[in-house]
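Here you go, one structure.
Side chains included, hydrogens not; waters and symmetry mates left out as well; all remaining heavy atoms used. First the proteins, then the strands, lettered A, B, ... as listed; each starts at 1.
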2 protein chains.
Amino acid sequence: MKYTEMTKEQRQAEYAALTEKFEGLKALELKLNMARGKPSREQLDMVMGMTEGMTRPEDYLSDGIDSRNYGELCGLPAARRLFADILGCKPEQCFVGGNASLQLMYASVAMAFTNGLAHSEKPWSKLPEVKWLCPAPGYDRHFRVTESLGCTLITVPMTSEGPDMDVVEELIKDPAVKGMWNVPKYSNPDGIIYSDETIRRLASMKPAAPDFMLMWDNAYCIHEFDGEFVPFADIISLCAQYGNPDMVYEFASTSKVTFPGAGISVMATSEANIAYFSKIMGVQTIGYDKMNQLRHVRFLKDREHTLELMHRHGQILGPKFHAVLHALDEEVAPLDIAHYERPHGGYFVSLNAMPGTAKRTLELCREAGVVMTGAGATFPYGVDPADSNIRIAPSLPPVEELEQAISVFCCCLRMAALEKLGV
Amino acid sequence: MKYTEMTKEQRQAEYAALTEKFEGLKALELKLNMARGKPSREQLDMVMGMTEGMTRPEDYLSDGIDSRNYGELCGLPAARRLFADILGCKPEQCFVGGNASLQLMYASVAMAFTNGLAHSEKPWSKLPEVKWLCPAPGYDRHFRVTESLGCTLITVPMTSEGPDMDVVEELIKDPAVKGMWNVPKYSNPDGIIYSDETIRRLASMKPAAPDFMLMWDNAYCIHEFDGEFVPFADIISLCAQYGNPDMVYEFASTSKVTFPGAGISVMATSEANIAYFSKIMGVQTIGYDKMNQLRHVRFLKDREHTLELMHRHGQILGPKFHAVLHALDEEVAPLDIAHYERPHGGYFVSLNAMPGTAKRTLELCREAGVVMTGAGATFPYGVDPADSNIRIAPSLPPVEELEQAISVFCCCLRMAALEKLGV
């Protein structure tokens, strides 16, 4: 029965039953974590092959380059080819970095502030205000990059096809709007894939700012856990086709392919942008860890071989997502107190609770030993105006623990809803 | 016979003889490089042991932390302990980064511009001018970091005891002077060690700027190639002792201990600075490559074991420096056309040619197939007002090639001097 259709007495009885269950769960002194998109130990163990072999000096030669020494700021040619193969762009459009694509994102926006971009009139730090579009719910670390650098964050509503493009097309008429975050495939946290039409409208935008940055974080571009691999557009070609060759900056990494702490990352963009970016990056480093780049090249080989590995990751992740969705379907859906997405890839399930109950739900979870991503984290400045969105990250715990954790979560979600409706 | 004491006829005869030699050298079509402080293949081969073993999941556990996954922004505790042991500071004062200490230097100064430091009134990008002290000759990449971020670079003369402290103490009275570069041990390029008195005066400075950054690049802190290890001061304690706990930022790396392209780096500073820095660094990355940090910990073990390895590096480097100094002693010293330092560690020999002849010398070298660090590179903005300083980097070529290269260099240096004196 839907909670909204219950009488107060029914709600009170329900709340009493849940409270008893909650106290029982608390007594278990659980310590469970569904806060971050962390791969599980099983996934890490699966890729240990990357640490084997490659112990002779000659193993570290690639295209005649000794990857052990200084040099190759834009990355080992073989690593640039690997990412180009995966992303469907050209090796010359790839700048292969260290273990964090976030660092490349930060570096590119920071560069706009300290030095300006190729099409900038002046460094952004000299402008009175820089505004940034943040489709929300979105990724808290994205928002924090632009917040930390001093941007005014503007929320753009997400739809099931991606950001609301009518809103975006209106906002970019303001020349102070300098950029926009995107996770086009298995968006964080909604897990939706931008529609072809959304992508076309983004690629063909004509922002008033000549140095607008379309940030394209393709973090989950090959991260299916259900069904076949879903092809994605080469956004760099697409933007060029629409007369915006230098507008887009695409990012990807192997953080959820090999090792989260020790993968390699890429920024893919026009060759003109690569040349400009390299000049500034060359000030801060002589080059990234090419030995690790080469380990990745040897281990992942090419797109096809990488997709096979991703399929095996999917086989570990799939059951975890199914467990979460199954519990939600059973324990939450019939009550009409939340709706949630059913992703086929990525690392999250996004749930919208009854407005005004997200914080309370997570507070109860914490009491019962289940840590979740903070309520509000998926919105700019960490404030969800509806106090509704909750990001569930099922990847880290083993399935049994996850089942416990999601059971705690469902209980807390229901209690918070009942409290809101009045008990 | 000194060139300055020669008659014009004698100089002409000498120049004719050198020109003949030069043509002979050119005919060899050499391709030699003494431009950069790159370790040699022999040194890299020596540390390949670091790539062996560590193929089981449990090998990557350290203090209960799975180094393969996300986390530990400030570095693996074991890596922080290793650097603290080497630098003589506390593990809590160490922020262990990726493969480039330059990146940590850039990040710390860039942070001052984008966000300000703990003691800053506002971000430096909001100030009309930021000035920076550059002891010269110095390291071109240092100068470029502060130049790229928009600082006005101010040259401070180097003495055999370090930067001229009378000049420094005068300049820091200007509140726009926000920082200073230093390579305190085996300075780049002079190879001198700052005297105790210079270090004391630096640590006890009272700059007008409350957020002055004493940049302490201890790049060659354990890099002897002649004689015993020379102990160095814990600059962090020393600054604290003089009431400047948050003034100094010390840097080091294993770029010339293990692999230049794939080492690990550290920024050591007060715990208060570490806390502040981590907040900003946490915006740009979830953490650095801890698997590589752990590989280093297992391979280097501790200070003593690392010093043993450095001794073996020294045995490879020593003969190269001796070859350079021997050639200079034989072919240049008697002519009184240049003076040069005799370092016992580090990666460079710094030579001051007759004023107005550095560029011409290197132009001739290039013609004969020997690439050197560009003339002027050791001065702010790449301009040596005396056109005199030349940085010789003998580490990369094998000894036989190096002997050829330095012989070419001596020939060119002599020709340039004679041209200057008139032939």
> Taking V283(B), D59(B), V109(B), N292(B) one by one, which has the highest count of heavy-atom pairs under 4.5 Å against chain A?
Replying inline: V283(B)

> Which region of N69(B), side chain (C-beta onward) or backbone (N, CA, C, O), has a non-hydrogen atom less than 4.5 Å from a non-hydrogen atom of chain A, or is it both or neither?
Replying inline: both

> Is it the backbone or the side chain of N99(A) that comes under 4.5 Å from a heavy atom of chain B, or both, or neither?
Replying inline: side chain

> Which atoms of L104(B) come close to chain A, meaning under 4.5 Å heavy atom to heavy atom: side chain ones, backbone ones, both, or neither?
Replying inline: neither

>> So does V371(B) get a backbone contact from the side chain of K31(B), meaning a donor-acceptor N/O pair under 3.5 Å?
In response: no

> Which bit of R56(B) comes within less than 4.5 Å of chain A, counting heavy atoms only: side chain, backbone, both or neither?
Replying inline: backbone

> With W181(B), which of D217(B), N188(B), T146(B) fulfils side chain to side chain donor-acceptor pair (under 3.5 Å)?
Replying inline: T146(B)

> Tell me, side chain or backbone of K126(B) under 4.5 Å from chain A's heavy atoms, or both, or neither?
Replying inline: side chain

> Does a salt bridge link K122(A) with D211(A), judged by any charged N lying under 4.0 Å from a carboxylate O?
Replying inline: no

> So which part of L44(B) gets closer than 4.5 Å to some heavy atom of chain A, the side chain, the backbone, both or neither?
Replying inline: both

> V96(B) and side-chain contact (heavy atoms from CB on, under 4.5 Å): which partner among L73(B), V266(B), L76(B)?
Replying inline: V266(B)

> Can you tell me if S265(A) uses its side chain to pair, donor with acceptor, with the backbone of G98(A) under 3.5 Å?
Replying inline: yes

> Between Y60(B) and chain A, which part of the residue has a heavy atom less than 4.5 Å away: side chain, backbone, both or neither?
Replying inline: side chain

> Considering only heavy atoms, which portion of N115(A) lies under 4.5 Å from any heavy atom of chain B: side chain, backbone, both, or neither?
Replying inline: side chain

